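See structure below.
Model, not experiment: these values are computed from the prediction.
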There are 2 protein chains.
Amino acid sequence: MYLCSVATLAEEDYIKAIYSLSGIDGNPISTSSISGYLGVNPASVSGMVKKLSAKKLLEYKRSHGTSLTAKGKKLAIGIVRKHRLWETFLVEKLGFSWEEVHDLAEQLEHIRSEDLINRLDGYLGFPKTDPHGDPIPDKSGKIAQTGLISLSKLGSGENGVVGGVGNQDSKFLKHLNQLKVGIGSEVKVLNINDFDKSIEASIDGKKIFLSDKLASQILIFKD
Amino acid sequence: MYLCSVATLAEEDYIKAIYSLSGIDGNPISTSSISGYLGVNPASVSGMVKKLSAKKLLEYKRSHGTSLTAKGKKLAIGIVRKHRLWETFLVEKLGFSWEEVHDLAEQLEHIRSEDLINRLDGYLGFPKTDPHGDPIPDKSGKIAQTGLISLSKLGSGENGVVGGVGNQDSKFLKHLNQLKVGIGSEVKVLNINDFDKSIEASIDGKKIFLSDKLASQILIFKD
DNA sequence: AATTATTTTTAGGCAAGCCTAAAAATATAA
DNA sequence: TTATATTTTTAGGCTTGCCTAAAAATAATT
Ligand SMILES: [Mn+2]
Ligand SMILES: [Mn+2]
Ligand SMILES: [Mn+2]
Ligand SMILES: [Mn+2]
């Protein structure tokens, strides 16, 4: 009853998961980690990997893991592009805040139309990054490097500007809202506690404390 | 793996189909007509009707047909609202033309979020009708009557303004594009051929011929 | 009223994606 | 190397939504 295409909705979610887990260099991913990431049983992953392998979207070597083929990677990047453009639309045009859009984009990313997403891209002015600072792949699949580093990598006395987050969890983002930390916030590390690596910092002139766990998920452009 | 809700995607398509077939007065609909409309086997409809009936979305009396309950009708109107708002977005904001948007809206109408659709409504300026002249239900489910009548109901010498179409088929809409007939076009019936009810009309000052079949699908506000 | 035609339901199957439990393979530790 | 722990696969099941074929019910004709 629905549009045919390269991959079903569930297949797309697997491909995207493997892409996310593989990182930039495309490391092979274990069955169990896909299982954990998607919240499905390892046995289900086994079956799907076999299926996607037959479709040449990924390669699988037993006990070595799964990695996307060029075809699979292209599909994954297309989904990521859609996800991030829709998130940008929701925030820029419909006035959602950054912690509300991820789940909606999980639905919208599966809408099938190259034309639609390219027009949306143009309508938004070809944005380079999404509301969380993640780079938006262009029409050809190219992804610009953002140059963001984790705040927890900064030394005492160093400073930078918040450019993104390493986590889409809405609890995390709401917490940042409360702390008045967002993209564009100016950060200066005042002190790093040796015991737990927690950070004392000034953000937009206001002094706050950040746990290492929190700081590690805040991404900055180092000055 | 996906959002739970009142109805699955397939269920929504059945509900919407029954709503479309029932007309404004909610006539009971036969199994075979649903089957024909959706392009599925009558046996499949039988099964789904049983399921939706158990969910109290419709009522079924054997050999009398199916009609939506209040709950089912509300669901249907919600889907129609989403469909028409997305179509409006695609035309007004992304520059699609009216014959391109229906299939995309078939996908977008299943995106689950009350909040999203209400914000989209606001973003579009609470439009009353979609790109095909169909009324957009408001947030509460109310549907304004458009007062449109078929062009083939006009008598010789009468005139009006095109306000909508009675058909979403892209071949039909492309044909209207070629004839330069669109919403807002001013129509005057010059002559009706007695033999085949075909119409000689002036549209925006230009004289054209319309078959009865074509004219019946053009909806106008009578002057 | 009886026959024929149409509509609808039941019965039995299939594919996709998920599950659990058990078996097999691999990795780690002793 | 042998034993233990972990990971992965296989086997068997379930639900949804579709199919075809056959049976049953209803409607239309004669
Ligand atoms: Mn996201
Ligand atoms: Mn998804
Ligand atoms: Mn439509
Ligand atoms: Mn649909």
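- Within the nucleic acid shown, A/Thr31 comes within 4.0 Å of sugar-phosphate atoms alone, with no base atom in reach, counting heavy atoms only.
- Counting to the nearest Å, the P atom of D/dT9 and the NZ atom of A/Lys51 are 16 Å from each other.
- Nucleotide C/dG17 holds its P atom 13 Å from the CG atom of A/Leu38, rounded to whole Å.
- In this structure the side chain of A/Ile220 reaches within 4.5 angstrom of the side chain of A/Leu154, judged on heavy atoms.
- Atom NE2 in B/His64 sits about 14 Å away from atom P in C/dT9, given to the nearest Å.
- At a threshold of 4.0 angstrom between heavy atoms, the contacts of A/Gly39 are confined to the sugar-phosphate backbone, with no base atom among them.
- Residue A/Glu12 contributes atom CD, which lies 11 Å from atom P of C/dG17 at whole-angstrom precision.
- Under 4.0 angstrom from either OP1 or OP2 of D/dT7 there lies no side-chain N or O belonging to A/Ser30.
- Taking every side-chain heavy atom of A/Tyr14 into account, C/dC18 is the closest of C/dG17, C/dC18, D/dT8.
- Atom-to-atom distance recorded for A/Leu52:CG and A/Tyr60:OH is 13.0 Å, nearest 0.5 angstrom.
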Could you go through residues 115-125 of chain B and list every donor-acceptor pair under 3.5 Å that involves a side-chain atom there, pairing it with any protein atom two or more places apart or in another chain?
from: B/Asp115; atom 1: OD1; to: B/Arg119; atom 2: NE; distance (Å): 3.2
from: B/Asn118; atom 1: OD1; to: B/Arg81; atom 2: NH2; distance (Å): 2.6
from: B/Asn118; atom 1: ND2; to: B/Glu114; atom 2: O; distance (Å): 3.2
from: B/Arg119; atom 1: NH1; to: A/Leu94; atom 2: O; distance (Å): 3.0
from: B/Arg119; atom 1: NH1; to: A/Gly95; atom 2: O; distance (Å): 2.9
from: B/Asp121; atom 1: OD2; to: B/Arg81; atom 2: NH1; distance (Å): 3.0
from: B/Asp121; atom 1: OD2; to: B/Arg81; atom 2: NH2; distance (Å): 3.2
from: B/Tyr123; atom 1: OH; to: A/Tyr123; atom 2: OH; distance (Å): 2.4

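- A 6.0 Å sphere centred on NZ of A/Lys213 holds no more than 12 heavy atoms belonging to other residues, nucleotides or ligands.
- The pair B/Glu99-B/Lys171 fails the salt-bridge criterion, with no side-chain N (NZ, NE, NH1 or NH2) lying under 4.0 Å from an Asp/Glu carboxylate O.
- Here the P atom of nucleotide D/dC18 and the CD1 atom of B/Ile34 are 12 Å apart, to the nearest Å.
- The shortest distance between the side-chain N/O atoms of B/Lys50 and the OP1/OP2 oxygens of C/dT10 is below 4.0 Å.
- Among the protein residues, A/Ser46 comes within range of the nucleic acid bases, having at least one heavy atom under 4.0 Å from a base atom.
- At the phosphate of C/dG17, OP1 or OP2 sits under 4.0 Å from a side-chain N or O atom of A/Thr8.
- The nearest whole Å value for the distance from the OH atom in B/Tyr60 to the C1' atom in D/dT26 is 11 Å.
- In this structure, the nucleotide among D/dT8, D/dC18, C/dG17 sitting nearest to the side chain of B/Val40 is D/dC18.
- More than 12 heavy atoms of other residues, nucleotides or ligands shown are found within 6.0 angstrom of NZ on B/Lys16.
- In this structure, B/Arg62 places its CZ atom 11 Å from P of D/dA27, rounding to the nearest Å.
- If you measure from atom CE of A/Met48 to atom P of D/dT8, you get 17 Å, rounded to the nearest angstrom.
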Contacts under 3.5 Å, N or O only, protein and nucleotides 20-23 of chain D:
from: D/dT20; atom 1: OP2; to: B/Asn41; atom 2: ND2; distance (Å): 2.9

Margin query: Between B/Asn177 and B/Trp98, does the side chain to side chain donor-acceptor pair (under 3.5 Å) criterion hold? Intermediate values first, please.
Written below: CA-CA 9 Å; B/Asn177 290 346; B/Trp98 69 347; 2.9 Å; yes
